[in-house]
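Below is one structure, written out as C-alpha cells; the observations come after it.
This chain uses plain numbering: 1 for the first residue, then up along the sequence. Note that ligands are numbered from 1 as they come in the structure, with each ligand's atoms numbered from 1 the same way. Here the structure is a predicted model, which means the values were calculated and not measured.
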Amino acid sequence: MVPGTRVGLLGLGAYLPERVMENDEWTALVDTSDEWIRKRTGIQRRRIAADDESTVDMAAAAALGALEDSGLTARDLDEIIVATDTPEVFIPDTAAFLQARLGAPEVPAYDLGSSGCAGFVLALDVARARALSGDRKVLVVGVELLSRLMNWEDRNTCVLFGDAAGAAVVGRGENAVEILSARAGTDGTRSDILGLEVGGTRAPFSLDRARRGEHKNIVMDGRAVFREAVERMASCSTQVLDDVGVTVQDLALIVPHQANLRILEAVRDRLGATPEQLYVNVQEYGNTGSASVPVALWEARETGRIKTGDLVLLTAFGAGFHWSSMLLRF
Ligand code: UT7
C-alpha cells in the first residue's frame with residue numbers, strides 16, 4: 001500500500017461527566033436493588049451529566065480530545081457526523097451546534113440520529129467512505145445524555161443507562177488505525193422492541209402526553225432485545241472476520257457496545273473468544289448508547305490493553321433494530 005493511503009482512525013477522545021451515581025441511589029427512587037442490577041446487568045455505577053451540561057457540551061469535550069490526539073485542530077475538519085439518540089434539540093441536528101462550538105469550517109455537519117447504540121460504528125464506516133472518496137478528515141462523535149430523557153420512575157429501563165461521549169477522527173494517514181472491514185444491517189420489522197414513540201409525527205408532543213410522562217417512556221422488550229443483540233452482534237462480527245480472512249483467535253480485543261454484561265458474555269461465548277479478549281466497562285458507566293463503543297475503545301487504548309499491530313473488533317446493536325461491526329488494526 002502506498003504510504004499515506006491507509007484510511008482509519010487518526011485519534012480518539014472521550015468525555016465522562018463527573019457525577020457518579022451508584023446502584024444504591026436507585027433504591028431510593030424505584031423498587032430495585034444493587035443486587036438485582038449487578039446480577040442482571042453487571043452495572044455497578046454510571047455517570048450523570050450536570051444540570052448545566054447539554055449534549056453538545058459533552059460532544060465538544062470528546063471531540064477536542066480526539067482532535068488533540070490526532071494532532072489536528074477543528075480548522076482541519078472536512079466533515080462532522082454525530083451519532084446520538086439524545087440530541088441538543090429536535091431541529092436542527094446536534095452536529096450543527098458542534099460545528100459552531102468547535103469553530104470548524106463551514107463543512108457538512110449532520111447527525112446519524114436515532115440509530116440507537118449501533119450508530120457510532122455505522123458513522124465510522126460512513127466517515128471511512130467519505131475519506132476514501134475525497135481525502136477528507138471526518139470527525140465522528142457518539143454522545144448520549146440519556147439521563148435527561150429517560151423515565152426516572154421506570155425501573156425496567158432507568159437503571160440501565162448513563163451519560164457519556166466518545167469521538168474519533170477518521171482520515172488518511174500512515175499511522176492511522178486501519179479500518180479493515182465494516183458491516184452493518186437493519187431489521188425494521190423489529191422496530192417495536194426498543195424505542196421512544198412519542199415526539200414524531202405518529203404521536204406528536206402534546207401537553208396531555210407530557211403530563212402522562214409518555215415523552216420519556218422508552219419502550220423496551222428486554223428479553224427480545226437481549227436475544228437479537230446476541231444473535232446480530234455475533235453474526236455481523238463473524239462476517240467482518242471472514243471479510244479479512246482472520247479468526248477470533250487472531251483478535252487482541254473485542255470492544256462491544258456495553259449494554260449488559262450477560263449480553264457481552266453471550267456474544268463472547270458465541271464467537272468462541274476468551275474472557276481476556278473481551279473489553280468490559282459496563283460496570284463503571286452503564287449503557288451509554290452510541291457513546292459506549294468509542295469510550296470503551298479510548299479507555300482500552302489508554303489503559304494499555306491495545307498495542308500497535310493488534311486486531312480489534314468493534315460490535316454494536318441498538319434500536320431499529322440496527323447492528324454494526326468493524327475490524328481495526330492498530
Ligand atoms: O442499548 C440497548 C438497550 N437495552 C438493552 O440492552 C436491554 C437488553 N435486555 C436486558 O438487558 C435484560 O433483559 C434486562 C436487564 C432489561 C432485564 O433482565 P431479564 O433477566 O431479562 O429480566 P426480566 O425482564 O425477565 O425481568 C425479571 C423480573 C421481572 O419481574 P417478574 O415479572 O419476574 O416479577 C421484572 O419486573 O425483574 C423485574 N425487574 C426488576 N426488578 C428489580 C425489571 N427491572 C427491575 C429492576 N429492579 N430494575
Side-chain angles (χ1 to χ4, degrees), residues 21-46 83-86 112-122 142-147 149-166 184-187 190-197 216-234 236 255-268 270 280-283 285-296 314-325:
M21 182 179 185
E22 301 286 341
N23 284 349
D24 275 337
E25 293 182 55
W26 276 116
T27 57
L29 301 169
V30 289
D31 181 15
T32 191
S33 65
D34 174 47
E35 194 202 348
W36 190 96
I37 303 170
R38 278 181 197 241
K39 212 165 135 195
R40 302 275 180 151
T41 72
I43 298 167
Q44 297 176 24
R45 55 191 67 85
R46 72 284 294 140
T84 187
D85 280 357
T86 51
L112 224 163
S114 308
S115 48
C117 317
F120 181 82
V121 178
L122 179 59
V143 56
E144 293 315 339
L145 208 167
L146 285 151
S147 69
L149 298 186
M150 70 192 187
N151 181 350
W152 283 60
E153 291 172 4
D154 177 13
R155 70 174 186 173
N156 290 301
T157 54
C158 65
V159 301
L160 304 176
F161 299 117
D163 302 331
T186 302
D187 178 1
R190 308 296 339 253
S191 57
D192 56 331
I193 61 174
L194 184 57
L196 182 51
E197 295 176 354
K216 290 189 172 185
N217 276 346
I218 295 172
V219 175
M220 185 176 79
D221 178 343
R223 288 182 188 186
V225 172
F226 195 114
R227 278 193 301 274
E228 286 285 340
V230 174
E231 170 58 34
R232 298 304 192 171
M233 286 203 287
C236 190
V255 180
H257 165 46
Q258 308 282 320
N260 177 320
L261 181 60
R262 288 156 56 215
I263 293 179
L264 305 193
E265 290 175 344
V267 172
R268 178 199 69 199
R270 183 76 72 91
V280 179
N281 67 7
V282 69
Q283 71 280 3
Y285 309 126
N287 179 345
T288 60
S290 61
S292 115
V293 168
V295 168
L314 311 182
T315 185
F317 71 93
F321 202 85
H322 296 297
W323 55 91
S324 49
S325 295

Nearest-neighbour protein heavy atom for atom 25 (O) of ligand 1, which is reported as residue plus atom name and distance: Arg223 NH2, 2.6 Å
Residues Arg270 and Glu231 bridged, charged N to O under 4.0 Å: yes
Glu25 (side chain) donor-acceptor with Glu22 (main chain) under 3.5 angstrom: yes
Donor-acceptor contact below 3.5 Å, side chain Asp85 vs main chain Cys117: no
Atom 11 (O) of ligand 1: the protein heavy-atom neighbour that sits closest, reported with distance to 0.1 Å: Asn260 ND2, 2.7 Å
Thr86 side chain to Leu145 backbone, donor-acceptor under 3.5 Å: yes
Backbone of Asn281 reached by a side-chain donor or acceptor of Gln258 within 3.5 Å: yes
Proximity of Ile37 to ligand 1 by residue part, where a heavy atom lies under 4.0 Å: neither
Proximal ligand 1 atoms for Cys117, defined as those under 4.0 Å from one of its heavy atoms: 1 (O)
Ring geometry between Trp323 and Phe321 (parallel below 30°, tilted from 30 to 60°, perpendicular above 60°): tilted
Distance filter under 4.0 Å to Asn156 heavy atoms, resulting ligand 1 atoms: 43 (C), 44 (N)
From CE (Met150) to CD (Glu144), nearest 0.5 Å: 12.5 Å
Closest protein heavy atom (residue, atom, distance) for atom 17 (C) of ligand 1: Trp36 CH2, 4.0 Å
Ligand 1 atoms in contact with His257 (distance to a heavy atom under 4.0 Å): 1 (O)
Flag, side chain of Trp152 to backbone of Val30, donor-acceptor distance under 3.5 Å: no
Check: Asn287 N/O within less than 3.5 Å of ligand 1 N/O: yes
Rounded distance (nearest 0.5 Å) linking atom CG of Asn287 with atom OG1 of Thr157: 11.0 Å
Per-atom contacts, ligand 1 versus Arg262 - under 4.0 Å to a heavy atom: 18 (O), 20 (O)
For atom 26 (O) of ligand 1, closest protein heavy-atom neighbour: Arg40 NH1, 4.2 Å
Nearest protein heavy atom under 4.0 Å from atom 9 (N) of ligand 1, yes or no: yes
Gap between atom CZ of Phe161 and atom CD1 of Ile218 - 0.5 Å precision: 4.5 Å
Part of Val30 within contact of ligand 1 (heavy atoms, under 4.0 Å): neither
Ligand 1 versus Phe317: contacting region, heavy-atom distance under 4.0 Å: side chain
Nearest-contact summary for atom 47 (N) of ligand 1 - protein heavy atom, Å: Thr32 OG1, 2.6 Å
Atom indices of ligand 1, in the order listed, that fall short of 4.0 Å to a heavy atom of Ala259: 6 (O)
Residue portion contacting ligand 1 (non-hydrogen atoms closer than 4.0 Å) for Val159: side chain
Atoms of ligand 1 close to Asp31 [distance to a heavy atom under 4.0 angstrom, numbered from 1]: 42 (C), 47 (N)
Top protein contact for atom 16 (C) of ligand 1, by heavy-atom distance: Met220 CE, 3.7 Å
Atoms of ligand 1, numbered as shown, that sit under 4.0 Å from any heavy atom of Thr41: 15 (C)
Criterion side-chain contact (heavy atoms from CB on, under 4.5 Å) on Ile43 and Val159, from CA distance to verdict: CA-CA 9 Å; Ile43 298 167; Val159 301; over 6 Å; no
Test item: Arg46 side-chain N/O and Met21 main-chain N/O as donor-acceptor pair under 3.5 Å: yes
Contact bool for atom 33 (O) of ligand 1 (protein heavy atom, d < 4.0 Å): no
Residue and atom name of the nearest protein heavy atom (relative to atom 5 (C) of ligand 1), distance in Å to one decimal: Val225 CG1, 3.7 Å
Protein heavy atom at shortest distance from atom 36 (O) of ligand 1: Arg155 NH2, 3.0 Å
Where ligand 1 meets Gly222 - atom numbers and elements under 4.0 angstrom, heavy-atom basis: 8 (C), 9 (N), 13 (O)
Short side-chain to backbone donor-acceptor contact, Arg155 and Asp31, under 3.5 Å: yes
